[in-house]
There are 2 protein chains.
Amino acid sequence: MDDQDPGLQLVHLLRAVTVELDLLAAEFAGREGLHPTDVRALIHLLDAGREGVRATPGWLGAQLGVNSASTTALVDRLERLGLVRRERDTRDRRRVLLVVQDQAVTLGWSFFGPLIHEMVAEMRAFDETELATVRRFLLAMRDVAATRRRAQQDSSARR
Amino acid sequence: MDDQDPGLQLVHLLRAVTVELDLLAAEFAGREGLHPTDVRALIHLLDAGREGVRATPGWLGAQLGVNSASTTALVDRLERLGLVRRERDTRDRRRVLLVVQDQAVTLGWSFFGPLIHEMVAEMRAFDETELATVRRFLLAMRDVAATRRRAQQDSSARR
DNA sequence: TCGAGAATCTCGATTGTCGAGACATTACAG
DNA sequence: CTGTAATGTCTCGACAATCGAGATTCTCGA
């Protein structure tokens with residue numbers, strides 16, 4: 001009935017994966033009494049911690065695509081939950097540094113840990129060459145999306 | 001500093017792709033004056049249309065993971081925007097069928113069309129064997145997420 | 001020193017989401 | 001056939017996440 005083109009099939013499949021992951025995150029959010037945005041923020045904060053990036057409200061808001069008022073409210077929530085702590089930057093005192101608390105790491109792991117574990121386990125069915133191919137593919141798709149997003153941001157900022 | 005494990009790398013990369021796609025959808029939503037949920041609904045409605053599935057409010061709500069009140073409000077919005085039309089099912093008169101309007105298809109294509117096109121173009125850098133590998137990989141990841149989600153839904157429904 | 005610009009926060013309004021429950025319809029047991 | 005349970009959708013009231021506009025505090029270059 002549809003999709004002879006293997007390319008189209010893959011696009012739909014990739015989207016199906018993102019749909020599933022989003023629903024999984026939403027489910028986790030609901031169970032923990034936090035909102036989908038909070039989970040997304042948690043992801044970025046943990047990434048930042050792992051990569052040694054210094055997180056600030058402005059940075060976080062940019063990552064999530066929300067405005068500054070929402071970011072403040074978001075950080076308030078995360079702070080109230082004990083997931084992050086606000087700390088004035090001593091160098092640039094306009095800035096606030098978001099310090100990820102241990103509890104956030106624990107919470108993040110309780111959700112992502114098992115998921116990651118299962119995914120990595122599934123990957124054992126692929127040899128190194130195949131994983132390299134997948135990696136190349138995902139990088140290409142990410143770049144398409146990222147490039148397209150930047151282009152549209154610019155064109156809307158120009159108005 | 002991190003990630004010697006190629007498996008972990010891939011998990012993070014997969015997540016990065018979903019983050020980009022979500023942001024892209026959010027950007028599109030904001031530009032068109034609709035909400036992220038509306039875009040997600042549009043995706044599922046177009047899929048249903050393409051696959052010949054008869055969409056109803058209950059079905060749509062289940063796809064999106066929102067409750068019935070939100071679903072009603074969502075369908076109200078979509079109907080007001082002229083994207084779908086409500087139509088009573090003559091066989092089971094409790095049901096309402098969601099008929100996707102041409103305008104929805106046009107709108108969906110204006111967003112997904114170029115994106116899909118670029119992605120398919122990028123895939124020309126892969127031969128058939130490689131695409132088959134990617135397909136196998138994505139199917140595995142989707143199933144991990146889907147299985148995990150169902151498991152957690154069941155465990156929370158049991159309470 | 002002064003002014004432009006950056007980073008964060010406050011305020012008021014809008015609106016998407018939820019929980020509980022109403023209503024109509026269908027399915028099924030007796 | 002009849003009454004009862006289950007299903008699909010919608011209504012209502014409350015909550016809270018988000019936004020736009022603007023205030024505040026601070027940095028940095030002229």
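Per chain, numbering begins at 1; letters A, B, ... match sequence-line order. A quick note: this is a predicted structure, and the numbers were derived from the prediction, not measured. All values below come from the heavy atoms of this structure, side chains included, with hydrogens, waters and symmetry mates left out.
Under the 4.5 Å side-chain criterion, counting only non-hydrogen atoms from C-beta, B:M141 is not in contact with B:L10.
Within the nucleic acid shown, A:T56 comes within 4.0 Å of sugar-phosphate atoms alone, with no base atom in reach, counting heavy atoms only. At the heavy-atom level, A:V75 lies nowhere under 4.0 Å from the strands shown.
Nucleotide C:dT8 holds its P atom 12 Å from the CZ atom of A:R54, rounded to whole Å. To the nearest angstrom, P of D:dT7 lies 17 Å from CG of B:D89. We find that CG of A:L78 is positioned 12 Å from P of C:dC9, with the value rounded to whole Å. Here the P atom of nucleotide C:dG16 and the NE2 atom of B:H35 are 4 Å apart, to the nearest Å. Atom CG in B:L74 sits roughly 13 Å away from atom C1' in C:dT15 (whole-Å rounding). Rounded to a whole Å, the CZ atom of A:R88 is 13 Å from the C1' atom of C:dA6. In this structure, B:L98 atom CG and D:dG8 atom C1' are separated by 12 Å, rounded to whole Å. Atom CZ in B:R31 sits roughly 15 Å away from atom P in D:dC19 (whole-Å rounding).
Residue B:T71 places none of its side-chain N or O atoms closer than 4.0 Å to OP1 or OP2 of D:dC10. For B:R86 and D:dC10, the shortest distance from a side-chain N or O to OP1 or OP2 is below 4.0 Å. Regarding contacts with the backbone of C:dT17, a side-chain N or O of B:R77 is found under 4.0 angstrom from either OP1 or OP2.
No donor-acceptor pair closer than 3.5 Å links the side chain of A:R142 to the backbone N or O of B:L13.
For C:dG19, the base has a donor-acceptor partner in the side chain of B:N67 [N/O atoms by modelled type, under 3.5 angstrom]. For a distance-only test at 3.5 Å, the side chain of A:R94 fails to qualify as a donor-acceptor partner of the base of D:dT25.
For A:S70, taking side-chain heavy atoms from C-beta onward, the closest of the listed nucleotides C:dT8, D:dT18, D:dG8 is D:dT18. Distance from the side chain of B:A69 is smallest to D:dT11 among D:dT27, D:dT11, D:dT9. Ranking D:dG8, C:dG21, C:dC18 by closeness to the B:S68 side chain, first place goes to C:dG21. Out of D:dC10, D:dG8, C:dC18, the shortest distance to the side chain of B:R95 is found at D:dG8.
Annotation for A:R86 and A:V75: closest pair CZ-CG1, 3.5 Å, computed over non-hydrogen atoms.
Mapping A:D38 and A:R91 onto DNA chain D via the closest heavy atom, the residue that lands nearer the 5' end is A:D38. Nearer the 5' end of DNA chain D, as judged by each residue's closest nucleotide, is the contact made by A:V66, out of A:R93 and A:V66.
B:V99 and B:L78 fall into different hydrophobic clusters, where Ile, Leu, Val, Met, Phe, Trp and Tyr side chains are chained together by heavy-atom contacts under 4.5 Å. Residues B:L45 and A:L23 do not share a hydrophobic cluster, clusters being chains of Ile/Leu/Val/Met/Phe/Trp/Tyr side chains in contact below 4.5 Å. Both A:V100 and A:V96 are assigned to one and the same hydrophobic cluster, defined by single-linkage of ILVMFWY side chains at heavy-atom distances under 4.5 Å.
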